[in-house]
Amino acid sequence: MKEIFREVVSLCFYLLIILGCTYLCVNYVLQRTQIEGSSMQTTLSDGDQVLVDKLTYRFQQPKRYDVIAFPYRYEQDTFYVKRIIGLPGEKIRIDAQGTIFINEEALEEDYGTETITQPGYAFTPKILDEDEYFVLGDNRNDSVDSRYASVGYVRREEIIGKVFFRIYPFASIGRIH
């Protein structure tokens, strides 16, 4: 009888450890998010499911071109996924021809596959605060991002984490660059 009791206690102990690890992982390490819309095409598509690394930014600062997740300010449990273009302290501007300028130098990048037709608030130069990031969707003309008041500049504490891995669709499983 003592052995059965000992085995049951041991099993309960291991289950508690597994539940504790799962809780820690879900709340502090990883988050699964589903992409809705086409604002990040061609990198991510509507219906893709991705993992967000919630741990990395506890030890290092976000970098230019990182794909991040952050909450939508006007709807609970809704998250935006965008690419960091402007870093804290930088001067951001998008001219009428759709060229992105950082500190008055044209940004050379190939994530956006089309010329920006609506610079929005970024038409007027803005120096980002020490905790602000300027984000854009890769599908520049079909993205609500830092150019618009509904998203604005993303503060450091709003960033949930770095989108790093696609888990669905299965044919596209892999790391996000």
Side-chain angles (χ1 to χ4, degrees), residues 23-41 43-46 48-95 98-112 116-166 175-177:
Y23 173 82
L24 290 173
C25 187
V26 167
N27 287 296
Y28 299 104
V29 179
L30 294 174
Q31 175 177 318
R32 184 194 60 79
T33 300
Q34 181 169 327
I35 305 300
E36 292 182 14
S38 61
S39 72
M40 283 300 292
Q41 281 186 321
T43 304
L44 298 169
S45 299
D46 186 39
D48 284 2
Q49 294 195 25
V50 296
L51 292 178
V52 179
D53 170 7
K54 297 165 83 173
L55 198 58
T56 297
Y57 292 153
R58 294 183 189 270
F59 303 103
Q60 67 185 35
Q61 294 299 315
K63 298 179 186 90
R64 187 177 335 275
Y65 307 125
D66 283 356
V67 177
I68 62 167
F70 57 94
Y72 179 53
R73 294 181 179 130
Y74 305 107
E75 193 172 328
Q76 195 170 357
D77 295 327
T78 300
F79 303 95
Y80 273 5
V81 172
K82 305 291 179 192
R83 188 176 302 279
I84 294 176
I85 300 298
L87 300 171
E90 292 182 332
K91 182 178 182 181
I92 304 293
R93 176 174 67 90
I94 301 175
D95 69 9
T99 304
I100 302 167
F101 289 90
I102 297 182
N103 296 329
E104 296 305 323
E105 288 189 32
L107 179 67
E108 294 190 28
E109 53 93 35
D110 59 358
Y111 293 107
I116 296 172
T117 59
Q118 296 291 330
Y121 285 135
F123 187 72
T124 304
K126 159 74 168 139
I127 297 176
L128 299 172
D129 288 343
E130 289 304 312
D131 67 340
E132 289 180 329
Y133 294 84
F134 184 84
V135 298
L136 292 175
D138 289 354
N139 188 358
R140 304 288 161 80
N141 292 320
D142 191 20
S143 176
V144 177
D145 44 41
S146 287
R147 297 173 290 166
Y148 304 102
S150 62
V151 174
Y153 308 111
V154 179
R155 300 179 67 80
R156 175 67 179 89
E157 68 263 9
E158 293 175 312
I159 298 175
I160 292 169
K162 181 178 182 176
V163 177
F164 77 101
F165 200 82
R166 181 183 359 245
R175 191 155 184 77
I176 308 225
H177 301 285

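Atom set for the values below is all heavy atoms of this structure, side chains included, hydrogens, waters and symmetry mates excluded. All values derive from a computational prediction rather than experimental measurement.
Between the side chain of Asp48 and the main chain of Ile35, no donor-acceptor pair closer than 3.5 Å is present. At least one donor-acceptor pair under 3.5 Å links the side chain of Asn103 to the backbone N or O of Lys91. Of the possible donor and acceptor atoms, one in the side chain of Ser146 sits under 3.5 Å from a partner among the backbone N and O of Gly152. Formation of a donor-acceptor pair under 3.5 Å by the Arg147 side chain with backbone atoms of Val144 is not found in this model.
Residues Val52 and Ala69 come closest through the heavy atom pair CG2-CB, 3.9 Å. The two residues Lys54 and Arg58 make their nearest non-hydrogen contact at O-NE, 3.6 Å. Taking each heavy atom of Pro119 and Ile116 in turn, the nearest pair found is N-CG2, 4.1 Å. Looking at every heavy atom in both residues, Ser143 comes nearest to Leu136 through OG-C, 4.5 Å.
Ring geometry, Phe134 versus Tyr153: the interplanar angle falls from 30° to 60°, so the pair is classed tilted.
With salt bridges taken as basic N to acidic carboxylate O contacts below 4.0 Å, one links Glu104 and Arg93. Using a 4.0 Å cut-off between charged side-chain N and carboxylate O, Asp131 and Arg155 make a salt bridge. Salt-bridge annotation for Lys126 and Glu132: present, with a side-chain N of the basic residue lying under 4.0 Å from a carboxylate O of the acidic one.
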Inset, instruction - Start with the C-alpha gap between Ile176 and Arg166, add the side-chain angles, then the distance that decides, and say whether side chain to side chain contact (heavy atoms under 4.5 Å, CB included) holds. - result: CA-CA 7 Å; Ile176 308 225; Arg166 181 183 359 245; 4.2 Å; yes
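Partner of Arg83 under the side-chain contact (heavy atoms from CB on, under 4.5 Å) criterion, out of Val163, Asp145, Ile68, Val67: Val67 alone. Here the rule is side-chain contact (heavy atoms from CB on, under 4.5 Å) with Tyr80, and of Val135, Val151, Thr33 only Val151 fits it.
Among residues at least two apart or in separate chains, ring pair (Phe, Tyr, Trp, His ring centres under 6.0 Å) pairs with a member in residues 48-68 are Tyr65-Tyr111.
With rounding to the nearest 0.5 Å, the separation of OG1 in Thr43 from NZ in Lys82 is 11.5 Å. Rounding to the nearest 0.5 Å places CG of Asn139 at 6.0 Å from CD of Gln41. Ile102 CD1 to Leu128 CG: the interatomic distance, rounded to the nearest 0.5 Å, is 8.5 Å. If you take CD on Glu108 and OG1 on Thr99, they are separated by 10.5 Å, rounding to the nearest 0.5 Å. To the nearest 0.5 Å, atom CD of residue Glu90 and atom CZ of residue Arg64 are 4.0 Å apart. To the nearest 0.5 Å, atoms CG (Asp138) and CD1 (Ile85) are separated by 7.5 Å.
Atom CZ of Phe123 is surrounded by 12 or fewer heavy atoms from other residues, nucleotides or ligands within 6.0 Å. The neighbour count for Glu157 CD, taken as heavy atoms of other residues, nucleotides or ligands under 6.0 Å away, is above 12. Under a cut-off of 6.0 angstrom, the local environment of CD in Gln118 is sparse, with at most 12 non-hydrogen atoms contributed by other residues, nucleotides or ligands.
Partners of Tyr133 under the ring pair (Phe, Tyr, Trp, His ring centres under 6.0 Å) rule, at least two apart in sequence or in another chain, do not exist in this structure.
Side-chain atoms of Arg32 and Gln49 form a donor-acceptor pair, as typed in the model, at a separation below 3.5 Å.
At a threshold of 4.5 Å between non-hydrogen side-chain atoms, the residues Phe164 and Leu30 count as touching.
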